[in-house]
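Remarks on the structure that follows.
Only this structure's heavy atoms are used, side chains among them; waters, hydrogens and symmetry mates stay out. Chain A is the first sequence line, chain B the second, and so forth, proteins listed ahead of strands; every chain is numbered from 1.
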Amino acid sequence: MPEGNELHRHANLQSDWFTGRILTVDAPNGRFAEGAALLSRRKLRAIEAYGKHLFYDFGPNRQLHVHLGLYGKYRSGEMPFPEPRGILRLRISDKAHWLELRGPTACDVLSDQQRATLLARIGPDPLSPDAEPKVAITRIRKSRAPIGALLMDQSVISGIGNIYRAELLFRAKLHPLTPGKTITVAKLLKLWSDAQTLMKAGMVDRRIVTTKPSDRPHPTGRARRFETHYVYRRKGLPCFVCGSEVAMKEFIGRKLYWCPCCQPEPTPPESQDRSAPVASR
DNA sequence: GTGGGATGGGCAA
DNA sequence: TGCCCCTCCCACA
């Protein structure tokens, strides 16, 4: 679940219940015991999402930082506490509500300085209202790296995961191996605004839906299960737009999906180099 | 019922 | 490069 949109949703829902309240924080499995002791019985000032990171502000130098990673899960509800289940890293509660966290990649207490350092390291987040797309676009335009790698690099742009990478590139008709520096600013601005649109739409019926109704085999009504994505997890299946078989390959440890026909191979650099001197004469 | 894969990312080596 | 985290979901039996 956790691509950036889900993290923003968690931040908003949890804020409604917990912001401004004095909370009990504990660590049922003991692994976060020291951190929990630093936070418990303090007032939570704010919960904010930046990319895939969540920050809970419990006052100066008491910044709870959570990153769900691949397995992390939240569960929440109204008091009383639910039946114990699984291994519980963190639990936050007041008299009315509880929140449980299992299996996160990160759950730690940061100083204000550490929090600032972390935030300085990550690129703009399309879901943050004050995010500056130029920062990401400049980085992409300076890089020979493939756009498929740059979109997943949280220091370039934050909040995009494997599903949105695949679907954004399809919708932009960009091959994932296109070098960043060969993509026009106009095209990157469109990619940014499409990221905002898709990620704001977020989950529909607990699914990420990226297909336009007119491109679906069943254009009316709710998207069927098999028609929520153009290419993500559709290896070998016909493209909804052109009918070609969707391609897949392993790339930097993750699976990359694209349509070879709608997203043609980038022009090889040799032919550009050859034409450049001629054009300048 | 079971087992493999996945929406990440940090860290040791 | 591979391991960790140790969840949820789905395809398959």
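Taken to the nearest 0.5 Å, the CG atom of D57(A) stands 6.0 Å off from the CZ atom of R115(A).
Both tests do not hold together for R41(A) against F58(A): distance to the six-membered ring centre under 6.0 Å, angle to the ring axis within 45°.
In this structure, E132(A) places its CD atom where more than 12 heavy-atom neighbours from other residues, nucleotides or ligands lie under 6.0 Å away.
The side chain of N162(A) lies closest to dG8(B), out of dG5(B), dG9(B), dG8(B).
The shortest distance between the side-chain N/O atoms of Q154(A) and the OP1/OP2 oxygens of dG9(B) is below 4.0 Å. Between R233(A) and dA11(C) there is no side-chain polar atom (N or O) within less than 4.0 angstrom of OP1 or OP2. Phosphate proximity of dG10(B) to R121(A): present, with a side-chain N or O under 4.0 Å from OP1 or OP2. Taking only side-chain nitrogens and oxygens, K52(A) comes nearer than 4.0 Å to OP1 or OP2 of dG8(B).
Listed by chain and number, the residues in a side-chain contact (heavy atoms from CB on, under 4.5 Å) with K190(A) amount to none (sequence neighbours excluded). Under the rule for a side-chain contact (heavy atoms from CB on, under 4.5 Å), the partners of K235(A) that lie at least two apart in sequence or sit in another chain are M248(A), Y257(A). Scored by the ring-ring contact (aromatic ring centres under 6.0 Å, His included) test, H65(A) finds H53(A), F55(A) as partners (sequence neighbours excluded).
Classification of R75(A) and E100(A) as a salt-bridged pair holds, one side-chain N sitting under 4.0 Å from a carboxylate O.
M79(A) belongs to a hydrophobic cluster with F81(A), W98(A), counting contacts under 4.5 Å between side-chain heavy atoms of Ile, Leu, Val, Met, Phe, Trp and Tyr, direct or through other members.
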Worksheet, complete the sentence: Whether each nucleotide of nucleotides 1-6 of chain C has a protein heavy atom under 4.0 Å at its base (B), only at its sugar-phosphate (S) or at neither (-) is summarised, 5' to 3', as ----BS
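When base pairs are accepted only as Watson-Crick or G-U wobble with both N-N or N-O distances under 3.5 Å, DNA chain B takes part in stems of 3 or more pairs at B:1-6 with C:7-12, B:8-12 with C:1-5.
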